[in-house]
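Reviewing the structure listed below.
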Amino acid sequence: MMAIMIVDDEPVNTMVLEQLLHQHNYETIAVSSGEDALELLMDPQAPSRYDLVLLDVEMPGISGIETCKRIRQMAGYEELPVIMVSGRTEEKQIAEGLDAEASDYTTKPIKITELLARIRSALRYKAAVDERKKYEARLQYDLDLAQKIQQSALTPPISNEEIDVRALYLPSKKLAGDMYAWFQVAPDRYGVIIFDVMGHGVSSALITMGIRSILPGLVGNVQYPADVMSELNRQMTFLFSGEDMQSYFTAVYCYIDTTRRRIEYVNAGHPPVIVTSDEGVCHLETTGVPVGMFEEPNYEAKEIALKPGMVLHMYTDGLMECYSKDIDDGIRWLEKDIATYGAGYADHVAERLVPKIEIDDDLCLVTVKLV
C-alpha cells in the first residue's frame with residue numbers, strides 16, 4: 001500500500017484528504033506543520049516509508065515552500081514526489097513552489113478527479129525511481145565484485161637477491177583497462193609485462209581480464225618476447241575482433257635473464273620504458289604495433305645488457321598525462337622526476353603527484369630493480 005504524508009495545519013482539510021485517500025486504498029500519515037513533517041522524515045527508515053507528500057503552502061511557522069526546499073536538501077529525498085496544495089492561484093506563487101523543486105502543484109478547493117490523477121502520476125514516477133535505484137544497487141554490487149576480482153589478479157611484489165618487482169596501480173574508475181604481471185619462468189629468468197587496453201570501464205576491463213587469464217600458460221610455454229606478443233595478437237584477433245568490435249592494447253614485455261645478464265624486450269606501441277643505471281638513462285622504445293591492431297604483425301625483439309643497479313620503469317600513458325597531454329613533454333617530466341626521487345618515485349606519484357590532479361585515465365607503474 002502506498003503511503004502518503006499529508007502536511008496541513010487545517011484539521012478539516014486533513015480529515016477530507018484522509019477520507020478521500022483511504023477510499024482509494026492509500027495509507028496516510030497526517031501532520032500539522034512543516035516542522036513536524038521534517039522531523040518525521042529525519043527517521044532513518046523514513047525514505048522507504050513514504051511515497052509522496054501532499055504539502056500545504058500556507059502554514060504557520062515554516063511555510064510549505066520552505067519545507068519543500070528543506071526536504072530536497074535531505075539525503076534520500078531528492079526524488080520524493082511532493083505535491084504543493086494552495087488556496088492561491090497566482091502564477092508567482094506557483095512558480096515559487098516549482099522553484100522549490102516541488103513535483104507538482106494543485107489548488108484549493110480540491111478537485112478530486114484532478115488531485116487523484118496528479119497523485120497517480122507522481123506515484124508512477126516514484127515507482128520508476130525506486131526500480132531504477134534497485135537496478136543501480138545491483139549494478140554497483142556487480143561492479144564492486146568485479147573490482148575485487150580484477151584486483152585479485154594483480155601480481156604480488158617479488159623480491160630476492162636478483163630482482164625486485166613491484167607496482168603502483170590506480171584505476172580511474174571501478175574497473176581498469178591497465179594490467180601488469182610478472183612470472184619467474186626459470187630459476188634465473190623472469191618475464192614482466194605491462195599492458196593498456198584501449199578505452200576505459202567495463203568493456204576494456206573484460207578484455208584486460210581475458211588477456212590476463214592466458215598469460216601464465218603463455219609465458220611459461222613461449223617465454224621469448226616476440227613469440228609472446230605474436231600469440232597475444234592471435235588471441236586478440238580471435239577473441240575480440242569483428243565488424244561490430246575492434247579492440248587492441250599496447251604492451252611491453254621484458255624477458256630478463258640474470259645469468260646471461262641480458263634483457264630481451266618487445267614494445268608493442270607502448271610508452272617507452274625508462275631504464276636508469278650508473279651509466280645513465282636509456283629508453284626501450286617501440287618495436288612493433290599495438291596487439292590486436294593487425295592480423296599478422298611482425299614483432300621485433302631487441303636486447304640490452306643488464307647492468308648492476310639497473311632499474312626499469314614501465315608505465316601506462318595515464319602516468320604521462322599526469323604531467324602533460326603532450327607525449328614527449330610528459331616523458332621528459334616523468335624522466336626528470338625519476339632522476340629526482342629515485343627509489344621513492346612510486347611514493348612520490350601516489351602521495352604527491354596524483355592527489356593534485358583529477359585522474360581521467362587508468363594509471364599503472366611497474367618498477368623492476370636488478371642487482
Side-chain angles (χ1 to χ4, degrees), residues 143 146-147 150-151 153-155 165-182 192-209 211-212 229 236 246-254 265-276 281-293 311-368:
L143 287 174
Q147 182 185 42
Q150 187 173 52
Q151 292 188 343
L154 300 175
T155 313
V165 191
R166 56 194 64 242
L168 173 67
Y169 181 79
L170 299 172
S172 61
K173 297 181 174 64
K174 280 280 185 183
L175 302 175
D178 291 2
M179 183 55 71
Y180 59 82
W182 45 80
V192 183
I193 188 170
I194 185 170
F195 59 98
D196 183 0
V197 175
M198 175 189 70
H200 308 288
V202 175
S203 59
S204 60
L206 288 172
I207 295 173
T208 296
M209 294 304 293
I211 296 303
R212 177 63 180 86
M229 288 299 184
M236 275 294 289
Q246 176 64 45
S247 189
Y248 61 86
F249 63 86
T250 65
V252 177
Y253 178 59
C254 294
Y265 71 92
V266 168
N267 184 328
H270 202 78
V273 178
I274 298 175
V275 182
T276 60
V281 179
C282 69
H283 292 173
L284 307 187
E285 301 281 0
T286 297
T287 63
V289 298
V291 179
M293 185 169 283
V311 181
L312 279 59
H313 302 274
M314 307 166 69
Y315 54 93
T316 55
D317 57 5
L319 180 57
M320 290 188 309
E321 292 173 3
C322 289
Y323 295 97
S324 173
K325 295 298 182 182
D326 178 80
I327 295 176
D328 293 335
D329 194 37
I331 293 174
R332 280 194 296 269
W333 278 101
L334 197 160
E335 191 173 302
K336 180 180 177 181
D337 268 3
I338 287 174
T340 300
Y341 296 100
Y345 176 63
D347 292 335
H348 164 71
V349 172
E351 297 171 8
R352 290 184 287 278
L353 179 62
V354 171
K356 294 180 180 179
I357 61 176
E358 182 178 345
I359 298 178
D360 55 9
D361 194 1
D362 304 325
L363 185 156
C364 185
L365 168 67
V366 174
T367 305
V368 183

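Quick caveat: nothing in here was measured; it's all calculated off a predicted structure.
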Hey, could you give me the [atom1]/[atom2] distance between [X] and [Y], rounded to the nearest 0.5 Å?
{"X": "His313", "Y": "Thr276", "atom1": "NE2", "atom2": "OG1", "result": "4.0 Å"}
{"X": "Leu319", "Y": "Tyr345", "atom1": "CG", "atom2": "OH", "result": "4.0 Å"}
{"X": "Asp326", "Y": "Glu321", "atom1": "CG", "atom2": "CD", "result": "11.0 Å"}

Step by step, would you call His348 with Thr340 a side-chain contact (heavy atoms from CB on, under 4.5 Å)?
CA-CA 10 Å; His348 164 71; Thr340 300; over 6 Å; no
Answer yes or no: is there a side-chain heavy-atom contact under 4.5 Å between [X] and [Y]?
{"X": "Thr155", "Y": "Arg212", "value": "yes"}
{"X": "Pro271", "Y": "Leu334", "value": "no"}
{"X": "Asp178", "Y": "Thr208", "value": "no"}
{"X": "Tyr265", "Y": "Met314", "value": "no"}
{"X": "Ile194", "Y": "Cys364", "value": "yes"}
{"X": "Val165", "Y": "Leu312", "value": "no"}
{"X": "Glu335", "Y": "His283", "value": "yes"}
{"X": "Asp362", "Y": "Thr316", "value": "no"}

Take a 6.0 Å sphere around CD1 of Ile327 and say whether it holds more than 12 heavy atoms from other residues, nucleotides or ligands.
no
Between [X] and [Y], which heavy-atom pair has the shortest distance, and what is it?
{"X": "Asp329", "Y": "Ser324", "result": "OD2-OG, 3.3 Å"}
{"X": "Gly318", "Y": "Leu363", "result": "O-CD1, 4.0 Å"}
{"X": "Val289", "Y": "Ala268", "result": "O-CB, 3.3 Å"}
{"X": "Ser247", "Y": "Met198", "result": "CA-CE, 3.7 Å"}
{"X": "Pro272", "Y": "Glu285", "result": "CB-OE1, 3.5 Å"}
{"X": "Thr250", "Y": "Gly269", "result": "CG2-O, 3.2 Å"}

Output, in order, the C-alpha distance, side-chain angles, deciding distance and verdict of side-chain contact (heavy atoms from CB on, under 4.5 Å) for Gln147 and Leu175.
CA-CA 6 Å; Gln147 182 185 42; Leu175 302 175; 4.2 Å; yes
Apply side-chain contact (heavy atoms from CB on, under 4.5 Å) to residues Ile193 and Met179 and explain how you reach the verdict.
CA-CA 8 Å; Ile193 188 170; Met179 183 55 71; over 6 Å; no
May I have the step-by-step check of side-chain contact (heavy atoms from CB on, under 4.5 Å) for Leu168 and Thr367, ending in yes or no?
CA-CA 9 Å; Leu168 173 67; Thr367 305; over 6 Å; no
Looking at Asn267, is its backbone amide N or carbonyl O close enough to the side chain of Thr287 to form a donor-acceptor pair, meaning the two atoms are under 3.5 Å apart?
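A pair under 3.5 Å: yes.
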Looking at Phe249, Tyr248, Tyr315, Tyr180, which one forms a ring-ring contact (aromatic ring centres under 6.0 Å, His included) with Phe195?
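That would be Phe249; it is the only one of Phe249, Tyr248, Tyr315, Tyr180 passing the ring-ring contact (aromatic ring centres under 6.0 Å, His included) with Phe195.
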